[in-house]
Each structure stands twice: as structure tokens, then as C-alpha cells.
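Note that these values count all heavy atoms, side chains included, but never hydrogens, waters or copies made by symmetry.
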Amino acid sequence: MDLSLYLPRLIDGLGVSLQLTVISVVLGYALGLLFALGVSSIHRGLRWPALVVVEIGRGIPALVVLYIVYYGLPAVGVLFSSFWAAAVGLTFTVAAYSSEMIRAGIQSVPRGQSEAAAALGLSRLPAFARVILPQGLRSAIPALMGLAIQSFQGTSLAYSISVNELMSQAYQVSSLTFAYLTVYVVTGLIYAVIAVPATWASVWVEHRLGRGHA
């Protein structure tokens, strides 16, 4: 089999996977921050709903979330294309997991930082926004980078709802050529080409941040 004839299809699929990754990570982290703030709130009306949403998001497998969005929501009149159903489902999952990472980062900030901000005359909200939150997000960066890598790998689940991402293209090519081993090995290598350097970058950033705290 001349794989070069089919490699463009795999590259096209990779492009779709990367689009899903960017959308789900950017929107998921933004929602995750809101969920983290909600769970950390002193107001029960914010804390408990946010906690329920986060725990549901962490407790339901991402594949089930995709099925709910793509196959379930049309029953109540909410329809998405397969691509946007995948984007919505993956975003929800990323938001749920990232919220706990962000919350852990915020909680890792020493209490002395709040006291120092108060001594400078900052009230509770400005102190949190200017002092605590930036340091908490900085602490959460390595974990969030790791989640982004997992999210990229998780885009392969979108194959199950007919999104033409990398795994879907690999299945189509292997079905045409019957070269299952070759196609899936190449597909795995394509995932690795993206994920392995990103993992190294995550470790490097973690070490840099660790030295910064030293």
C-alpha cells in the first residue's frame, strides 16, 4: 500500500482534532475558572450548584457526554452538528476537570499572601483578583498543560459521533486499504508527534515553575 496517497486524509483529520482541542481547551478552561470560583464561593447558592455540575462532569465518561449532546439533546429541541456536538461535550468535560486543578492551585497559595495584600490596603475582592488568583493559576499551569494533552488524545472519541477527525479518517483509510496495522501505527505516531513534545514542554514548565517557587 502506498500510504502517501492516503496521508493527506490523515493530516486533514489531524487538523480537525487540533481544532476540537483548541476549542475545548480554551472554552473549557474559561468555564473551569468560573466553576472553580463558584465551588470556592462562601455563598451556598453559588457553591453547591457549581459543585454538582463539576462532580457530574467528572463522573460521567466523556464518551457518554458526547452521546448525550449529539443523540440526547435533539429530543428536547437542541441540535448540533457532529463537530459542534463534540466541541460542546469535550468542553464540558475539560471544564469539569480543569476547575478542580484551578481550585487546587488557588488553595495552594499561602495564606500569608492574603494577609500581605490586606496590609497593603487591598479589600477582599481586589486582593483575590490581583494577588491570589494569578499565583493560583501559575501553580495550576503544569496540570492544565497535561489536561490539554489528554484533551487532544480524547478527541479520538469524536469518531463515535461521525466527526471526521484523525481516528475517523484512519478507520476510513484502513477500511479502503485493509492495511489496518500500518494505518493505525501511523495514526498512533501522528498522535505521538503532537503529544510527546507537548509532554516534554509540560515537564519543562513544571521544573521552571518549581525553581521559581524555590
Side-chain angles (χ1 to χ4, degrees), residues 10-40 50 53-70 73 80-108 133-170 187-188 190-209:
L10 298 180
I11 299 303
D12 288 343
L14 173 62
V16 175
S17 295
L18 292 174
Q19 290 178 48
L20 284 174
T21 302
V22 171
I23 292 171
S24 62
V25 166
V26 171
L27 297 182
Y29 286 178
L31 282 175
L33 174 58
L34 293 178
F35 290 157
L37 296 177
V39 173
S40 302
V53 171
V54 168
E55 291 304 314
I56 289 175
R58 282 156 44 90
I60 300 178
L63 180 60
V64 176
V65 174
L66 294 184
Y67 273 49
I68 291 173
V69 175
Y70 188 61
L73 290 185
F80 293 101
S81 66
S82 59
F83 177 87
W84 284 107
V88 169
L90 293 173
T91 294
F92 177 68
T93 299
V94 170
Y97 280 96
S98 65
S99 69
E100 288 300 285
M101 296 173 181
I102 294 170
R103 187 164 70 96
I106 293 172
Q107 292 178 342
S108 72
L133 182 58
Q135 293 186 57
L137 291 177
R138 185 174 184 269
S139 299
I141 286 175
L144 293 174
M145 291 182 67
L147 180 59
I149 296 168
Q150 294 175 9
S151 299
F152 166 65
Q153 296 169 331
T155 59
S156 60
L157 296 174
Y159 156 68
S160 65
I161 58 172
S162 305
V163 179
N164 282 323
E165 44 70 60
L166 178 54
M167 192 63 194
S168 177
Q169 293 286 12
T187 302
I190 292 174
Y191 279 111
V193 164
I194 303 295
V196 172
T199 301
W200 292 341
S202 176
V203 172
W204 180 83
V205 168
E206 185 173 8
H207 288 168
R208 291 280 294 181
L209 292 176

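A donor-acceptor distance shorter than 3.5 angstrom exists from the side chain of Glu165 to the backbone of Ser168, with no hydrogens or angles considered. For Tyr97 (side chain) and Arg58 (main-chain N/O), a donor-acceptor pair under 3.5 Å exists by modelled atom type. Panel note: side chain Ser160, backbone Leu157; a donor-acceptor pair is recorded below 3.5 Å. Side chain of Ser98 to main chain of Val94: a donor-acceptor pair is present (N/O by atom type, distance under 3.5 Å, no hydrogens or angles).
Contact check for Leu14 versus Leu10: no side-chain heavy atoms found under the 4.5 Å cut-off. By the 4.5 Å heavy-atom criterion applied to side chains, Met167 and Tyr191 are counted as neighbours. Counting heavy atoms from C-beta on, the side chains of Asn164 and Asp12 never come closer than 4.5 Å. A heavy-atom distance below 4.5 Å is not found between the side chains of Leu166 and Val16.
Counting all heavy atoms, side chain and backbone alike, Ser202 lies closest to Pro142 at OG-O, 3.5 Å. Closest heavy-atom contact between Ala36 and Ser99: CB-O, 3.4 Å. Nearest heavy-atom pair, Gln153 versus Ala195, reported as atom, atom and distance to 0.1 Å: NE2-CB, 3.8 Å. Nearest approach of Val69 to Leu73, heavy atoms of both residues: O-CB, 3.5 Å. Closest approach of Val163 to Ser82, counting heavy atoms only: CG2-O, 3.3 Å. The two atoms that bring Phe35 and Ala95 nearest to each other are CE1-CB, 3.8 Å, heavy atoms only.
Note: Leu37 CG to Leu133 CG = 6.5 Å, rounded to the nearest 0.5 Å. Between Gln169 atom CD and Thr187 atom OG1 the span is 10.0 Å, to the nearest 0.5 Å. Separation of atoms OG1 (Thr199) and CD1 (Ile149) is listed at 3.5 Å; rounding is to 0.5 Å. Note: Leu66 CG to Ile60 CD1 = 11.5 Å, rounded to the nearest 0.5 Å. A distance of 6.0 Å separates CD in Glu55 from CD in Glu100, rounded to the nearest 0.5 Å.
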**OP:** Start with the C-alpha gap between Tyr70 and Val88, add the side-chain angles, then the distance that decides, and say whether side-chain contact (heavy atoms from CB on, under 4.5 Å) holds.
**Re:** CA-CA 9 Å; Tyr70 188 61; Val88 169; over 6 Å; no
Mind listing the side-chain donor-acceptor pairs of residues 19-31 below 3.5 Å, one per line with the distance, residues two or more places apart or on another chain?
unit_1 : atom_1 : unit_2 : atom_2 : d
Thr21  : OG1    : Ser17  : O      : 2.8
Ser24  : OG     : Leu20  : O      : 2.8
Ser24  : OG     : Thr21  : O      : 3.2
Tyr29  : OH     : Leu144 : O      : 2.2
Tyr29  : OH     : Ala148 : N      : 3.3

